[in-house]
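Below: the structure, in structure tokens.
Quick note on labels: first sequence line is chain A, next is B, and so on, each numbered from 1.
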Number of protein chains: 2
Amino acid sequence: MELFLSQGFDETTVAQIAEAAQVSQMTFFRHFPTKDSVVFDDPYDPVIAGLVAAQDSALPAMERVRRGLLAAWSAMPGPADSAVRDKIGLIAGHPRLAAGIWENNRRTEDLLVKALVGTGVARLEARVAAGSCLGGVTAALLDWAAEPDGQDLRERMGAALALMGAPGDPCGPGGTVRRAR
Amino acid sequence: MELFLSQGFDETTVAQIAEAAQVSQMTFFRHFPTKDSVVFDDPYDPVIAGLVAAQDSALPAMERVRRGLLAAWSAMPGPADSAVRDKIGLIAGHPRLAAGIWENNRRTEDLLVKALVGTGVARLEARVAAGSCLGGVTAALLDWAAEPDGQDLRERMGAALALMGAPGDPCGPGGTVRRAR
DNA sequence: GGCCAAAATGTTAGTCTCTAACATTTAGGC
DNA sequence: GCCTAAATGTTAGAGACTAACATTTTGGCC
């Protein structure tokens, strides 16, 4: 990460990484399947899926995912914002890496869909809800990283999820429930 | 595409592609920046952005994007479903290619954001709305390609966008408007 | 038809990521 | 102190992509 941040991702070869780590190239690839994978490490998926599954099953799928993500972001310890911003900034500035975020999201999406379908939600509805919510938070995340000023990350995520709860958050606490299953 | 579909993407080298096209490797790379790029060609972005911009600016951003996408999918001529399904299926079955869809979506997202911000929507709201809606339709698209049975694509997209209009489509024609700008 | 500039294509050599096969070292249990 | 297993190293190579330079093809113009 130091090398990536100082000279850029493409300008850093794995030979350099290996040398900096006092290790052979081969060893590098035994620890990281690809050079890209150095940048990605999100062990939060199971937590998120659990929190989504824990939401009131009477709510529409979209709302359950939304609230689950909200709960997840509130609960996360997370490293210092500046480190995260550096990393996300690096990713956001590099199309191929940015696409890689979605390779992660796809896994998260699959977990969420499984959790939802397990509690009686239709498959398409589950996919759309998961995909839509993840799309929203990811857009907000990339937008956050692009800003130099720097609002608090958790606040930002809360704001984004609130926006998706529009219009007027009719499904807020005690709000309308479309249909029970 | 023939080679990809018959032998798989990774199993097809650009040397083979070049040979099949009676052309040198170098020439291949002059027409396609990467091997991956052969699979992606979506010239629909400007249309979508235009239709989103055309929606009633009194509606919340999320709803405008949703309706714009709906209009876009209804208006599209689009090639035969089977060809599209083959292509999307190829992409969906290959994590790196699937991630590539998002490299496209990012461009679309940027266009949508520009269109929305141009009509007075706050940046974060625009980003979240665009990201969320694109996330939903993309999830539905990949889900559609995974199914062998085969519902009509346009129908499927309509269904997905309707799901995102939840709960109860309170912003449906004549519905509640949260705030005007 | 013949000429000429510009565009498209080819050739070669090289860099970089990543893999396979095999040799070597290191670590930990008995 | 030995012996197995894990971790690491070495070498060779495939495959995507690039740079530099030579060659052909194309299309307008006289």
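The aromatic rings of A:Phe4 and A:Phe9 are tilted relative to each other, their planes meeting at an angle between 30° and 60°.
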| field | Footprint string (nucleotides 17-23 of chain C, 5' to 3'): B base within contact, S backbone only, - free, heavy atoms under 4.0 Å | value | SBBB---

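In this structure, A:Arg67 does not pair ionically with A:Asp56, as no charged nitrogen and carboxylate oxygen lie closer than 4.0 Å. Salt bridge absent: A:Glu103 and A:Arg107 never bring a charged side-chain N and a carboxylate O closer than 4.0 Å.
For the atom pair CZ of A:Arg127 and CG of B:Leu142, the computed distance is 8.0 Å after rounding to the nearest 0.5 Å. Rounding to the nearest 0.5 Å places CG of B:Asp45 at 7.0 Å from CG of B:Asn104. Distance CG/A:Asn105 to CH2/B:Trp102: 8.0 Å, rounded to 0.5 Å.
Within a 6.0 Å radius of CD in A:Glu19, no more than 12 heavy atoms belonging to other residues, nucleotides or ligands are found. Atom CD of A:Glu2 has 12 or fewer neighbouring heavy atoms from other residues, nucleotides or ligands inside a 6.0 Å radius.
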Check: protein-nucleotides 23-27 of chain D nitrogen or oxygen pairs below 3.5 Å:
none

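Look at B:Thr27 and you won't find any side-chain N or O under 4.0 angstrom from OP1 or OP2 of C:dT9. The side chain of A:His31 places an N or O atom within less than 4.0 Å of a non-bridging phosphate oxygen (OP1 or OP2) of D:dT8.
Atom CD in B:Gln22 sits roughly 10 Å away from atom P in C:dG10 (whole-Å rounding).
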